[in-house]
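Worksheet: one structure, shown below.
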Amino acid sequence: MIFLVLSAIVILGVIAFNMYQENKYRQQVRAQFGHSDKDALLEKQTRSVRDGRLPGHQAKSAPAKKLREKDISELPNEDMFDQMAAEAAKAERKAHAARSRKLMEAHGDEEIEMEEDEFGAAFSLDLDKELEKESKAGSGFKFQKVAAPAPSQTKVKNKKELLLDLDDMVRQQLPWFNHNFDYMAYLSLKEPQELHVLPRFAGRHRFQVAGCTMDDRWQIAEPIPSVYYQGFVVGLQSISRNGLATTQELERFGEQVNHFAEQLDAGLLLMDVNAFLKNARPLDELCERVDQTIAMHLVSRGSVSGTELRAAVEKEGFSLGHDGMFHLPDGKGEPLFSIVTLDSNPFTASLLASQAYRGFSMLFDITRVPAGEKHFNRFMDIAVNLSGSLGLDLVDDNMNELSPEWLKNVRSFVLARQEEMKKVGIEPGGDLAARLFA
């Protein structure tokens with residue numbers, strides 16, 4: 001009974017210590033990346049893209065179901081329970097060792113026979129200390145084999161048999177991947193092989209496969225006849241508008257890559273899941289914070305014909321897209337600003353030619369519009385021009401006319417969020433932002 005009570009106390013202590021460490025780490029992260037500004041005037045005019053709310057006016061409708069899945073990486077799993085059990089066993093071994101020392105002191109020079117399990121406990125305790133010391137020595141990403149269960153292909157008996165050194169592959173800086181949010185897998189072949197078909201990995205996150213040809217050139221892998229590869233790098237993008245990949249998703253991805261490696265008879269090296277998520281979570285939290293869309297509503301006191309509406313927006317440079325929205329392209333042809341219906345139903349050529357509209361909403365995606373006050377000013381100029389040409393009022397979700405103070409606060413909000421992105425190397429409207437906020 002005493003043993004059970006002591007074990008329970010030890011386990012509770014371990015849980016409390018882990019919670020304290022986690023809270024301390026989160027505070028450090030927030031201090032590093034900053035906090036979002038909260039303004040009561042802005043809360044009704046911004047749309048969090050990860051909330052899964054459709055663009056447009058939804059003041060009277062219930063919010064749509066959130067698309068972002070809860071990150072369950074930090075919830076207790078079997079490995080964590082095993083760790084707690086190991087901590088309890090370690091405490092028991094320390095108690096055995098203490099009793100043994102007292103017994104030896106009491107008997108002096110008398111020979112004392114130690115039971116086999118106590119000797120094993122003492123030896124295991126020393127090994128645990130060494131392993132703990134080694135784990136604390138590392139920092140950042142740990143490119144190592146998956147701990148348990150270790151995929152069979154990670155155990156290469158003779159590394160000289162591989163065409164590419166796995167550690168050298170890790171050090172490669174490939175333009176298609178970013179170690180901050182791409183979970184990486186490295187495969188080295190034992191003999192040159194063609195890629196007959198691209199691998200398929202099930203999951204909600206996109207992935208890319210790059211291959212190293214026989215002339216040591218890296219390229220996006222394609223199943224092209226007579227093109228032989230020495231090895232492959234597979235990157236799973238773990239951060240997007242779908243949210244952060246969970247521990248379970250990364251482990252499942254590792255299992256699928258391991259099966260692919262077995263088919264190729266290749267050596268495999270995977271990023272450490274826990275170390276990767278520890279670095280990825282702060283970036284995901286920042287992405288969720290800045291991923292906002294400003295909605296500007298233009299409403300008629302009567303109605304405006306679809307033909308007139310289309311002519312006015314096309315005069316400002318917008319064109320009707322296949323997604324049922326009008327888009328104003330930037331210099332690269334990517335959407336800069338968008339226009340949607342107030343009820344989020346798509347625009348179509350037939351409907352625009354045959355029906356009238358109460359108005360529409362203009363959308364400013366903070367993450368996809370290049371940084372700078374001039375872009376927001378252009379957005380506002382277009383809204384004012386459309387308001388004047390179509391006789392529409394600029395209003396908020398509650399149909400109240402927009403005030404100069406509101407516009408000033410929104411401008412400050414947009415610039416602050418974009419500055420947050422730039423501080424961590426994400427240029428609004430850039431290629432990196434296009435990957436993270438897709």
Side-chain angles (χ1 to χ4, degrees), residues 44-68 204 206 240-242 291-370 375-376 378-399 402 429 433-434 437-438:
K44 294 182 180 180
Q45 292 302 127
T46 59
R47 296 283 185 270
S48 177
V49 178
R50 293 200 189 187
D51 285 345
R53 298 171 67 180
L54 298 175
H57 181 57
Q58 297 183 2
K60 297 182 180 180
S61 61
K65 181 179 179 182
K66 291 183 67 175
L67 293 178
R68 177 179 172 84
R204 65 191 178 109
R206 65 187 297 268
S240 67
R241 280 178 168 166
N242 289 327
D291 199 1
Q292 308 284 337
T293 297
I294 303 298
M296 190 87 64
H297 307 303
L298 290 86
V299 179
S300 172
R301 297 181 183 181
S303 63
V304 57
S305 70
T307 303
E308 187 180 1
L309 186 155
R310 181 171 187 174
V313 300
E314 287 182 346
K315 184 179 179 181
E316 294 292 336
F318 289 81
S319 59
L320 183 60
H322 296 293
D323 55 2
M325 296 190 289
F326 285 97
H327 299 289
L328 179 67
D330 60 10
K332 301 178 182 178
E334 296 295 326
L336 185 64
F337 310 133
S338 300
I339 291 178
V340 299
T341 61
L342 293 175
D343 57 7
S344 298
N345 289 323
F347 286 113
T348 64
S350 59
L351 290 176
L352 286 166
S354 61
Q355 74 175 32
Y357 292 85
R358 175 104 186 271
F360 54 86
S361 298
M362 285 185 59
L363 304 180
F364 183 103
D365 188 335
I366 293 177
T367 65
R368 305 300 291 272
V369 177
H375 297 290
F376 185 80
R378 184 184 179 189
F379 176 77
M380 286 303 309
D381 288 342
I382 294 174
V384 171
N385 291 341
L386 290 173
S387 173
S389 63
L390 294 173
L392 306 177
D393 296 326
L394 292 171
V395 300
D396 61 16
D397 286 350
N398 296 320
M399 296 298 169
L402 300 183
F437 303 102

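Note that the structure is predicted; figures quoted are calculated from it, not measured.
With hydrogens and angles ignored, the 3.5 Å screen pairs a side-chain donor or acceptor of Asn242 with a backbone N or O of Arg204.
Summarising the geometry, atom NZ belonging to Lys315 is positioned 13.0 Å from atom CD1 belonging to Ile382; distances are rounded to the nearest 0.5 Å. Here the straight-line distance linking atom CG of Leu328 with atom OG of Ser338 works out to 8.5 Å at 0.5 Å rounding. Between atom OG1 of residue Thr293 and atom CE of residue Met362 there is a gap of 13.0 Å, rounded to the nearest 0.5 Å.
In this structure, the side chains of Ser300 and Arg358 stay at 4.5 Å or more apart for every pair of heavy atoms. Annotation: side chain of Leu298 is in contact with side chain of Leu394 (closest heavy-atom distance under 4.5 Å). A 4.5 Å side-chain heavy-atom check between Phe379 and Val369 finds every atom pair outside the cut-off. Looking at Ile339 and Met325, their side chains never come closer than 4.5 Å, going by heavy atoms from C-beta outward. Using a 4.5 Å heavy-atom cutoff, the side chains of Leu392 and Phe360 are in contact. In this structure, Ile366 and Asp291 have side chains that are not in contact, with every pair of non-hydrogen atoms separated by 4.5 Å or more. Residues Pro370 and Leu336 are in side-chain contact: their nearest non-hydrogen atoms beyond the backbone lie under 4.5 Å apart.
When all heavy atoms of Leu386 and Ala312 are compared, the closest pair comes out as CD2-O, 3.7 Å. Of all heavy-atom pairs between His375 and Phe337, the closest is O-CZ, 3.4 Å. Taking each heavy atom of Pro335 and His327 in turn, the nearest pair found is CB-ND1, 3.8 Å. His297 and Ser361 make their closest contact through ND1-OG, 2.7 Å (heavy atoms, listed as atom of the first residue, atom of the second, distance). Among all heavy-atom pairs drawn from Leu320 and Thr348, the shortest one is CD2-C, 4.2 Å.
The pair Asp365-Arg241 meets the salt-bridge criterion, since a charged nitrogen lies less than 4.0 angstrom from a carboxylate oxygen.
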Residue pair Leu352, Thr307: steps toward the side chain to side chain contact (heavy atoms under 4.5 Å, CB included) verdict: CA-CA 6 Å; Leu352 286 166; Thr307 303; over 6 Å; no

Evaluate side chain to side chain contact (heavy atoms under 4.5 Å, CB included) for Arg310 paired with Phe326, printing each intermediate quantity in order. CA-CA 9 Å; Arg310 181 171 187 174; Phe326 285 97; 4.0 Å; yes

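Between the side chains of Asn345 and Asp343, at least one donor-acceptor pair of N or O atoms lies under 3.5 Å.
Ring orientation note: the planes of Tyr357 and Phe347 are tilted relative to one another, at an angle of 30° to 60°.
The stretch residues 382-394 participates, sequence neighbours left out, in these side-chain hydrogen bond (donor to acceptor under 3.5 Å, both in side chains) pairs: Arg301-Asp393.
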